[in-house]
Amino acid sequence: MAKTRQNSEMEAQPVAAYGLDGGMFRNVGSARIPENGCYDTENAIFYDGRVRPRPPFVQSIAYSAGTTQQCNHLGIWRQPGQEYLIRHEFTPGGPSQKIYYWDGAWNDLTVAGPILGSATQPPYSTQFKGEWIVCPGAAAVSSWTGSGQVVTLASRQSDAALDPPVDPYYITSTASRVFLANGIVGGIRIPYRVWWSDTLSSIIWSDGSGQPAAGSAGYQDIAHDSSAITGLTFQGGVDVICFKEWSVYRGVFKGGPVWYDFVPISMNHGCPAGRTIKTFRNTLFWLGNDYNVYAMPLRGAVTPVGDAIRSRIKATLAFSYRNMALASVDHELGLYYLIIPTGSGGPDKIFVLNLQTGAWAEGLVAGSLKIHSTFEIMPAYSLGQQLFGGSDGKIYYFTPTYTRLADAQTDAVGAGGTAYSAKIWGKTLDFLELFKQQGETAEFHCLGLQGESGKATPQCRIGESIKELLAASSLTYDEVNLDS
């Protein structure tokens, strides 16, 4: 049965703002949005102490490609005065993939023919000493030096004993070495092994025979549970971090003859999806094996930051596709976008974490579009930009965030949809204003508030001026215990 709660009973405190002196409206500082996280929103995000419409995806005209094959990886090759965006074009029927770089048009780096691809193991890449190096997912680790074609690292090494492992899945690099993980030796995949190259070389590796030519190259088996490595990253210019699905390790430099020792950081909170591992101000964020999201500052402890959204992730994520989840960071606004596969055909869910306040929001990628890759490009000539590779072969980016919902709803180009709502964990009934200027068309969202078991329908009041909103004296909810 519907229940009504009058304004006089609400817990909101009156403020003198924009001529509002009743108890119904108030401004809420960013530290209180929300108090305990968000459990269900639709195409809304939180930043600057306000509820905002999520900016929609728009196809990049600058990076347009005449293909309908999915874009399953984005990377960059860069050296002083030059930089090229790199994209992988994946054909599921092969499965195969082609690699291209952009210099005003897409140029094929695999002219001799496509390389083997995988529908279940996405590519990973890194930059090192003037090279772009990639683990394609089902083919040999390869590199591109800014000219010619992509070639395998093994083809550049005349001594087979110094070759890298075959078909490794994961890669990262430090200031002096390249690291690989989960590769094949002697026809057998060793999923728990990490290899590192010789100092300042990407083509000298160790096969364990101890020959002097391998220099300080080596490897370590992280084998206490024999589970597979699921990600590698380089944190804060200091530590190599290795992930398994249930554990996390830090590579500690020991010097010869051991060189590196990977010691446990956590034995409970690993990562099933290496592409969700992202850095913001030297803090790592990732999707955990228990549907939570975790953060780890440089040399700090692993901390959950997704308690409020965990049940939603669990209800949304298609378990068999969990390793295909991915993330992107907006370094300007401080937002972590977690993209969750709901199945083979989509649509994807997007969960957005405000890295300043801990506020979560939820959205849906419109239509049948699936996001297969992300990249944060930081061009020398402009501000950073998030790029997203789609299942339709197109590359997308976010339009600038709107200041009000009405602007987003009239945008026919973006793929963010036109429905906007938000529900917040907490007990206090708050109204968050979307405008800063008196006299503009006013839009207020009611964000409720009844805890995990309660549900409240978001209310929106729209008027020609803010003062007109004072006419609303009560709000109605269905099946909500307002006194809990």
Side-chain angles (χ1 to χ4, degrees), residues 73-76 78 121-129 131-135 137 141 168-183 191-197 202 219-220 222 227-253 260-266 269-289 292-303 305 322-331 336-339 353 355 373-378 384 386:
H73 186 67
L74 292 166
I76 196 167
R78 176 183 287 145
Q121 177 60 42
Y124 289 82
S125 65
T126 191
Q127 297 179 83
F128 180 76
K129 200 179 175 183
E131 301 175 58
W132 173 74
I133 310 175
V134 62
C135 293
V141 56
Y169 283 164
Y170 303 100
I171 186 170
T172 193
S173 60
T174 67
S176 58
R177 300 175 192 269
V178 179
F179 288 74
L180 299 171
N182 199 333
Y192 44 76
R193 181 171 293 180
V194 181
W195 292 261
W196 53 88
S197 68
S202 64
Y219 61 81
Q220 181 181 346
I222 307 175
S227 62
I229 291 168
T230 56
L232 285 175
T233 193
F234 183 43
Q235 184 181 13
V238 177
D239 291 329
V240 176
I241 307 297
C242 177
F243 290 83
K244 291 187 174 187
E245 188 157 353
W246 292 92
S247 50
V248 187
Y249 305 82
R250 177 182 294 115
V252 179
F253 183 74
Y260 281 90
D261 183 23
F262 282 81
V263 298
I265 299 173
S266 170
H269 306 306
C271 176
R275 295 188 300 173
T276 66
I277 303 166
K278 294 290 180 177
T279 302
F280 179 73
R281 297 179 181 173
N282 288 336
T283 295
L284 289 181
F285 295 85
W286 68 87
L287 173 66
N289 53 287
N292 211 326
V293 176
Y294 291 92
M296 185 179 71
L298 183 63
R299 298 288 173 91
V302 176
T303 304
V305 294
R322 64 193 184 282
N323 73 310
M324 302 302 287
L326 62 166
S328 178
V329 170
D330 184 328
H331 290 273
Y336 175 84
Y337 288 83
L338 176 64
I339 302 171
L353 170 63
L355 297 170
S373 58
T374 67
F375 189 69
E376 295 87 45
I377 186 171
M378 303 292 288
Q386 295 168 273

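Computation of the quantities below employed the complete heavy-atom set of this structure, encompassing side-chain atoms and omitting hydrogens, waters and symmetry-equivalent molecules. Just so it is clear, the structure is predicted and the values come from calculations on it, not from any experiment.
Contact annotation: the side chain of Trp286 approaches that of Phe243 to within less than 4.5 Å [non-hydrogen atoms, C-beta and beyond]. Considering only heavy atoms from C-beta on, Val293 comes within 4.5 Å of Tyr336 through its side chain. When side chains are defined from C-beta on, Pro122 does not count as touching His73, because their heavy atoms never get closer than 4.5 Å. A 4.5 Å side-chain heavy-atom check between Val240 and Thr174 finds at least one atom pair inside the cut-off. In this structure, the side chains of Asn182 and Pro191 come closer than 4.5 Å at one or more pairs of heavy atoms.
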Passes side chain to side chain contact (heavy atoms under 4.5 Å, CB included), Tyr124 versus Val141? Steps please.
-> CA-CA 10 Å; Tyr124 289 82; Val141 56; over 6 Å; no

Derivation and outcome, side chain to side chain contact (heavy atoms under 4.5 Å, CB included), residues Leu338 and Leu287 | CA-CA 8 Å; Leu338 176 64; Leu287 173 66; 4.2 Å; yes

Verdict with supporting geometry, Phe253 and Arg177, side chain to side chain contact (heavy atoms under 4.5 Å, CB included) = CA-CA 12 Å; Phe253 183 74; Arg177 300 175 192 269; 3.9 Å; yes

Verdict with reasoning, Ile277 to Leu284, per side chain to side chain contact (heavy atoms under 4.5 Å, CB included) = CA-CA 7 Å; Ile277 303 166; Leu284 289 181; 4.3 Å; yes

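With no hydrogens or angles considered, no side-chain donor-acceptor pair links Ser173 and Gln127 at under 3.5 Å. Side-chain contact of Gln386 with Ser328: a donor-acceptor pair under 3.5 Å is present, judged by distance alone.
The closest donor-acceptor contact from the side chain of Ser197 to the backbone of Val178 lies under 3.5 Å.
Rounding to the nearest 0.5 Å gives a distance of 10.0 Å between CG of Asp239 and CZ of Phe262. In this structure, CD in Glu245 is found 14.0 Å from NE2 in His269, a value given to the nearest 0.5 Å. Atom OG1 in Thr374 sits 6.0 Å away from atom CD1 in Ile339 (nearest 0.5 Å). With rounding to the nearest 0.5 Å, the separation of CD1 in Ile222 from CZ in Arg193 is 11.0 Å. Rounding to the nearest 0.5 Å gives a distance of 12.5 Å between OG1 of Thr126 and CD1 of Ile76. The structure places NZ of Lys244 at 13.0 Å from CG of Asn289, a figure rounded to the nearest 0.5 Å.
Ile265 and Arg250 get closest at one heavy-atom pair: CD1-CB, 3.6 Å. Scanning all heavy atoms of the two residues, the minimum distance from Met324 to Leu326 falls at O-CD2, 3.4 Å. A pairwise comparison of heavy atoms in Cys135 and Pro168 identifies CB-O, 3.3 Å as the closest pair. The two atoms that bring Tyr170 and Thr230 nearest to each other are CE2-O, 3.2 Å, heavy atoms only. Here the closest non-hydrogen pair linking Asn282 and Gly236 is OD1-CA, 3.3 Å. Looking at every heavy atom in both residues, Asp330 comes nearest to Phe280 through O-CE1, 4.5 Å.
When ring centroids are compared, Phe179 and Tyr260 come within the 6.0 Å threshold.
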